[in-house]
Amino acid sequence: MRHVKKAVLCALLLGTTCVGIAQQDKKATKETVHLYHNLFKLEKKGVMFGHQDALAYGATWKYQPGRSDVKDITGDYPAVYGWELGHLEQGANVNLDTVPFDKMRGFIHDGYERGGVITISWHGNNPINNKSAWDVTPGGVKAVLPGGAKHDMFIGWLNHIADFLLSLKGDKGEAIPVLFRPYHELTGNWFWWGKNICTPEEYKALFRFTVHYLRDVRNVHNLLYVYNTSQFKTASDFLERYPGDDVVDVLSFDAYQSKNPAVDSSFTKDVHDNLVILTSLAAQKHKLTALAEVGYENIPYAGWWTGVLLKAIDKLPVSYLLAWRNAGYIGNSTTLSHFVPYDKTQVSGADFIRFYEAPNTLFEKEVAKEKLYAK
Ligand code: BMA
């Protein structure tokens, strides 16, 4: 009976787009609610393609208005734009990859107004010593929880994050919905919130406190929360540190190709196996799904996009995948780091175009037609 009432109320409020149980934020803005429901419909049609820092720079350029390496090759923008908040917690004006936050705000606005989807990660410093996110000195998670020695400082950090998220506005003054993916790759041991560095209870408490503080204290109501592991073996591995259905909207993991796909096809099989588990859990829990970061650095294999990546997705309902950034020269490196080809003549350039043209991949032109932020 309660379910019937809930379904009727849901249908009245949202038309016929109601899917499963409601999202984690009962006060979510209407654009956020529409996005949430529309993404369920869209993941049945295909997988949206995303690119980190797509509008800020490419492998060989920086800050050229309207440019994107994906657009240079395909004529179309990615459907999903990934951005990164690391160092915002310090009150910095530029992020850890030197992207100024005011420029980022403009790029987020532009992608949203064209009909694209925004996702944000946060490589925040280790609160225990203010070294980088990759500093694995233990104790950071416990210290920021209520009663911990760094709790007050951490509240200051979350306030910077909240201020930025609340400052993201569309042309009509509405808050821009964001798929927020904090404390990602949590089953790895390379971040201060990682598996060997804190207990499952501490991780869950960190995630839950963050949602509570942003949503209930700072009234940030334009977020969908993304839970994100690295690759895993079983559903129980994936869920070991899951903070709860009431604080998560999207189930996801990250996967990077390291072995040569010409002689080792395990990446396709492993990612596919993980996606089978993920999509089945998502169906049970009424959650969205994503391959929240994916890539093969510099893509030195001609058929990677359709022969490896798309094969792994197969016909599974995956909302989006996000290729990592075309960083160019990092440090003293003499090779251009990139996860999307930046020239058609590159090894995987022709296959990237085949990937773009595949009926089950979605880039911005197609996604814009869906009007994801409207009922
Ligand atoms: C990593 C690399 C780093 C970068 C970090 C945060 O995977 O790309 O160069 O600083 O992500 O964006």
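Note that ligands are numbered from 1 as they come in the structure, with each ligand's atoms numbered from 1 the same way. Fair warning: this is a prediction, and the values are worked out from it, not measured in the lab. In what follows, residues are counted from 1 in the order of the sequence shown.
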Notebook entry, point to check: According to the salt bridge (charged side-chain N to carboxylate O under 4.0 Å, His left out) rule, which pairs have a member within residues 344-362, sequence neighbours left out?
Noted result: Asp351-Arg354
Item checked: salt bridge (charged side-chain N to carboxylate O under 4.0 Å, His left out) contacts touching residues 68-89 (sequence neighbours left out) -> Arg67-Asp72
Check: On the ring face of Tyr63, is Lys103 found with NZ or CZ under 6.0 Å from the centre and within 45° of the axis?
Finding: yes
Note to self: I need the contact residues for ligand 1: any residue with a non-hydrogen atom closer than 4.0 Å to the ligand, ordered by chain then number.
What the structure shows: Glu84, Asp97, His123, Trp134, Trp324, Arg325
Notebook entry, point to check: What pairs meet the side chain to side chain donor-acceptor pair (under 3.5 Å) rule with one or both residues in residues 167-181, with sequence neighbours excluded?
Noted result: Arg105-Ser167, His109-Asp171, Tyr112-Glu174, Arg181-Asn228, Arg181-Asp254, Arg181-Glu293
Next item on the list: Compute the ring centroids of Phe191 and His184, then answer whether they are less than 6.0 Å apart.
Entry: yes
Next item on the list: Taking the side chain as every heavy atom from C-beta outward, state whether Trp83 and Phe164 have any pair of such atoms under 4.5 Å apart.
Entry: no
